[in-house]
Amino acid sequence: MSIFSSMNTTASALTAQRLRMDVISSNIANVDTTRAKQVNGEWEPYRRKSVTLAEDNGQFSSFLNKAMGKEENAGNGVRVTAVNDDRETPFKLVYNPTHPDANEDGYVEMPNVDLLTEMVDLVSSTRSYEANVTVFNASKSMLTKALEIGK
Amino acid sequence: MAINPLSLSVANTQIIEDTNKLATNTATPYEAQKSFASTLKDAIASVNEQQIQSDAMTQKLINGEDVELHEVMITAQKASVTLNATMEVRNKAIEAYQEIMRMSI
């Protein structure tokens, strides 16, 4: 176990939170996008994207240690497994007959992005990032303190 | 006054045996110095490797390549911690050297 393993774990979390932030910014940017992709000649609005995170089990050696019953594996951080489209929430229907993408009844399908949810996710990912930076600083100050042993 | 061989305890003979073993195993001063030098060289090379890595990451960031800012910062911090550790080892080595040099013969 390297002395930098906690730093590497934190780095993986920071990368994951950055990606979450990227996805959230994409969701907020496309809150009014009615033409995200074409399905059978029809334009479909933007679908909300979300990130799936999983524990990073790391290298072969960590699996081997686990199999041999040596539970000294502290984990290797987090990784992003997928960026999924939200297919559960229906599109919002807005009455706007002048819109070029309106259907015959004058309704336009708007993306299933909820701005409030996105803002909450945004704050959550920012706080998560900050928490990981705090962990990093704590880990670094621990190492710096260790260098003071015997001074 | 001659030492009575019978008064030697088991522990004493053990120590003598160990000392003999140590004497046969000890490398020549040249060899010891060489291995110390190569260990030091390896350690400093790995520290230098960290610095080079940090430099490369910073360069990538400046050139606008696809590299995360926190990765750059973390690499720099790792290099800094490694360098500090090296400085501590160096200080200890120099301290020991000066202590030896101060020895009055």
Side-chain angles (χ1 to χ4, degrees), chain A residues 1-26 51 53 56 58-59 74-81 83 122-151, chain B residues 32 35-103:
Chain A
M1 200 144 144
S2 147
I3 56 165
F4 294 128
S5 79
S6 67
M7 288 188 176
N8 292 334
T9 306
T10 315
S12 78
L14 291 178
T15 310
Q17 295 303 329
R18 282 291 310 164
L19 191 94
R20 252 184 92 194
M21 181 74 95
D22 289 351
V23 167
I24 292 165
S25 69
S26 161
V51 173
L53 301 176
D56 192 354
Q59 306 298 313
N76 291 288
V78 65
R79 70 197 159 93
V80 176
T81 45
V83 178
L122 186 71
V123 172
S124 148
S125 93
T126 314
R127 292 283 177 267
S128 208
Y129 196 91
E130 280 170 14
N132 280 295
V133 170
T134 309
V135 170
F136 181 88
N137 287 338
S139 149
K140 197 209 161 187
S141 75
M142 233 176 174
L143 290 175
T144 318
K145 275 284 161 215
L147 288 177
E148 285 175 23
I149 292 175
K151 249 188 184 173
Chain B
S35 81
F36 174 72
S38 71
T39 311
L40 196 65
K41 213 183 260 179
D42 284 353
I44 289 175
S46 80
V47 173
N48 192 35
E49 182 58 42
Q50 294 265 8
Q51 300 287 338
I52 290 169
Q53 223 173 331
S54 169
D55 276 353
M57 288 293 270
T58 316
Q59 195 66 42
K60 269 188 187 170
L61 183 78
I62 292 169
N63 289 344
E65 284 178 43
D66 184 21
V67 54
E68 297 268 13
L69 181 59
H70 61 255
E71 298 277 359
V72 179
M73 295 307 292
I74 286 171
T75 324
Q77 292 299 309
K78 276 183 187 171
S80 145
V81 168
T82 324
L83 187 64
N84 280 340
T86 317
M87 293 306 288
E88 287 304 322
V89 173
R90 185 205 72 142
N91 290 346
K92 278 284 165 206
I94 286 179
E95 212 174 279
Y97 171 78
Q98 281 172 346
E99 203 64 46
I100 300 278
M101 288 310 278
R102 270 201 293 273
M103 195 196 299

Option that, when pairs with chain A are counted at under 4.5 Å, heavy atom only, ranks first among B/Lys92, B/Met87, B/Gln77:
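Going by pairs under 4.5 Å, I would pick B/Gln77.
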
Report yes if some heavy atom in the side chain of A/Phe4 is under 4.5 Å from a heavy atom in the side chain of B/Thr82; otherwise report no.
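Yes, close enough: below the 4.5 Å cut-off.
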
Is any side-chain heavy atom of B/His70 closer than 4.5 Å to a side-chain heavy atom of A/Tyr129?
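A side-chain contact exists here, since the closest heavy-atom pair is under 4.5 Å.
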
Minimum heavy-atom distance between B/Ile74 and A/Ala11, given as atom pair plus value
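Shortest heavy-atom separation between B/Ile74 and A/Ala11 comes out as CD1-CB, 3.6 Å.
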
Give the C-alpha distance, both sets of side-chain angles, the deciding distance and a yes or no for side chain to side chain contact (heavy atoms under 4.5 Å, CB included) between B/Lys78 and A/Asn8.
CA-CA 10 Å; B/Lys78 276 183 187 171; A/Asn8 292 334; 2.5 Å; yes

Neighbour count above 12 (heavy atom, 6.0 Å) for A/Met21 CE:
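Yes.
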
Just checking A/Arg79: does its CZ atom have more than 12 heavy atoms from other residues, nucleotides or ligands closer to it than 6.0 angstrom?
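Above 12, so yes.
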
Under 4.5 Å from any heavy atom of chain B - which part of A/Leu14
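Both parts, backbone and side chain.
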
I'd like to verify something: which residue of A/Thr10, A/Val133, A/Thr15, A/Leu143 has the highest number of heavy-atom pairs under 4.5 Å with chain B?
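Top option by heavy-atom pairs under 4.5 Å: A/Thr15.
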
